[in-house]
Number of protein chains: 2
Amino acid sequence: MASVRKTDKRIEDEALVETPDLEEFIGYNLKRAYVIVQSDFRRTLGEDGFAPRVFSALSLVVQYPNVTSSGLARMLGIERSGLVAIVDELEGRGLLKRTNVPGDRRVQALVPTAKGKTAYAEARAAVRAHEDRLLSNLSDDEKATLMSLLGKIRATEA
Amino acid sequence: MASVRKTDKRIEDEALVETPDLEEFIGYNLKRAYVIVQSDFRRTLGEDGFAPRVFSALSLVVQYPNVTSSGLARMLGIERSGLVAIVDELEGRGLLKRTNVPGDRRVQALVPTAKGKTAYAEARAAVRAHEDRLLSNLSDDEKATLMSLLGKIRATEA
DNA sequence: CCCATATTGTTAATCTAGTAAACAGTTTAT
DNA sequence: ATAAACTGTTTACTAGATTAACAATATGGG
């Protein structure tokens, strides 16, 4: 036990210590779990893979072709100014196009390219694999329960 | 329905739209739920209340008096360099003291002040109230289940 | 006892994600 | 016609976090 001396009142393995006061809070557990899943996502998708938010944006563009930037921002729950860089990246990679909309010259409909659709399909499979592997100690039932409870939290926002 | 025109193929209320591909991922739901809880935490504790990470640090210092900065960082799962500002803030508010440790002149044990202990007790109550209110559509059973499932995710990290 | 190795707290530089405010152009509603 | 609202964007800023380096100190193996 490398770092422990006789006179040491400190805890042996601080990373595994129990923190009763904090662990009674949903928020704390939510954050810790989120950090774990997120960093595994990044690790799995790799250096020049999609960041989570870019993946999410691409997913919505593929599912809702002709969505606008504003609409996409609202779906993602972020400011539309924050979406510019994301759309820039996806357009720069040739995965979507900003296109004009006949009836309204303010908006630009976001349309996935063929390349964008296949890239999304692959990324989606990679993300599935990442979660299946990372969360292999949860049963399908447990995953479904977790989803539904997280959904209840999301439903508090309106 | 203000923003909808006859020719509009866009979705009426994008913020509430279903995003099937994304909602099948734990990570996405985890993040959305986390953002909701976190921002309600900040809103509830107010402008000059504790930020979540400061609250967590204070909690651990109160529960583990004489913990070191390094130990605290390990418990919180962050780099020790990142803890400096947090401890600075808590010490600046008079809620803890950096103290010398007789046996080891490298380390500084973090000791909560009396003020720190009472401030923590109050903050803890405020955080409890925030979660009770925000998550009032979850039963105690559901909260306990959620905790245990989040704990399973946290357990994947080791 | 010596020396390599490790640990502690800290600073500085950098990165990412996100917000807020302003903007010009455009559309809608009164 | 005019006020109000919406769109996409830029710019400036903030928060949170990481990495690398540092001096001071401590530990363990030979």
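Just so it is clear: chains get the letters A, B, ... in the order the sequence lines come, proteins before strands, and each one is counted from 1.
Within residues 33-49 of chain A, no residue has any heavy atom closer than 4.0 Å to DNA chain D. Within residues 50-60 of chain A, no residue is approached by DNA chain D to less than 4.0 Å at the level of any non-hydrogen atom.
Here A:Lys31 does not reach the OP1 or OP2 of D:dG16: none of its side-chain N or O atoms lies under 4.0 Å away.
Remark: P of D:dA17 and CG of B:Leu83 are 10 Å apart, rounded to the nearest angstrom. When the C1' atom of D:dT7 is taken as reference, atom CZ of A:Arg105 falls 13 Å away, rounded to whole Å. Whole-Å rounding puts the A:Asp104 CG to D:dC6 P distance at 12 Å. If you measure from atom CG of A:Asn100 to atom C1' of D:dT7, you get 13 Å, rounded to the nearest angstrom.
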So which protein N/O to nucleotides 8-10 of chain D N/O distances come out below 3.5 Å?
{"unit_1": "D:dG8", "atom_1": "OP1", "unit_2": "A:Ser69", "atom_2": "N", "d": "3.4"}
{"unit_1": "D:dG8", "atom_1": "OP1", "unit_2": "A:Gln108", "atom_2": "N", "d": "3.1"}
{"unit_1": "D:dG8", "atom_1": "OP2", "unit_2": "A:Ser70", "atom_2": "N", "d": "2.7"}
{"unit_1": "D:dG8", "atom_1": "OP2", "unit_2": "A:Ser70", "atom_2": "OG", "d": "2.6"}
{"unit_1": "D:dG8", "atom_1": "O3'", "unit_2": "A:Gln108", "atom_2": "OE1", "d": "3.1"}
{"unit_1": "D:dG8", "atom_1": "N7", "unit_2": "A:Arg80", "atom_2": "NE", "d": "2.9"}
{"unit_1": "D:dG8", "atom_1": "N7", "unit_2": "A:Arg80", "atom_2": "NH2", "d": "3.3"}
{"unit_1": "D:dG8", "atom_1": "O6", "unit_2": "A:Arg80", "atom_2": "NH2", "d": "3.0"}
{"unit_1": "D:dT9", "atom_1": "OP1", "unit_2": "A:Arg98", "atom_2": "NE", "d": "3.1"}
{"unit_1": "D:dT9", "atom_1": "OP1", "unit_2": "A:Gln108", "atom_2": "OE1", "d": "3.3"}
{"unit_1": "D:dT9", "atom_1": "OP2", "unit_2": "A:Arg98", "atom_2": "NH2", "d": "3.1"}

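B:Glu79 comes within contact range of at least one nucleobase, with a heavy-atom separation under 4.0 Å.
Residue B:Arg154 holds its CZ atom at 16.0 Å from OH of A:Tyr34, rounded to the nearest 0.5 Å.
Between B:Lys152 and A:Leu146 the shortest side-chain heavy-atom distance does not fall below 4.5 Å. The shortest side-chain heavy-atom distance between A:Leu150 and B:Lys31 does not fall under the 4.5 Å cut-off. The shortest side-chain heavy-atom distance between B:Ser59 and B:Arg124 does not fall under the 4.5 Å cut-off.
Closest approach of A:Val67 and A:Met75 over heavy atoms only: CG2-CE, 3.5 Å.
Partners of B:Phe50 by ring pair (Phe, Tyr, Trp, His ring centres under 6.0 Å), not counting sequence neighbours: none found.
Counting only residues at least two apart or on different chains, the ring-ring contact (aromatic ring centres under 6.0 Å, His included) pairs with a member in residues 106-150 of chain B are B:Phe41-B:His130, B:Phe55-B:Tyr120. Residue pairs meeting the salt bridge (charged side-chain N to carboxylate O under 4.0 Å, His left out) criterion with at least one partner in residues 41-63 of chain A, sequence neighbours excluded, are A:Asp40-A:Arg43.
B:Tyr28 and B:Leu149 are members of different hydrophobic clusters when ILVMFWY side chains are connected at heavy-atom separations under 4.5 Å.
Salt-bridge annotation for B:Arg128 and A:Asp21: absent, with no side-chain N of the basic residue lying under 4.0 Å from a carboxylate O of the acidic one. Ion pairing between a basic and an acidic side chain is recognised when a charged N comes within 4.0 Å of a carboxylate O; A:Glu23 and A:Arg32 show no such pairing.
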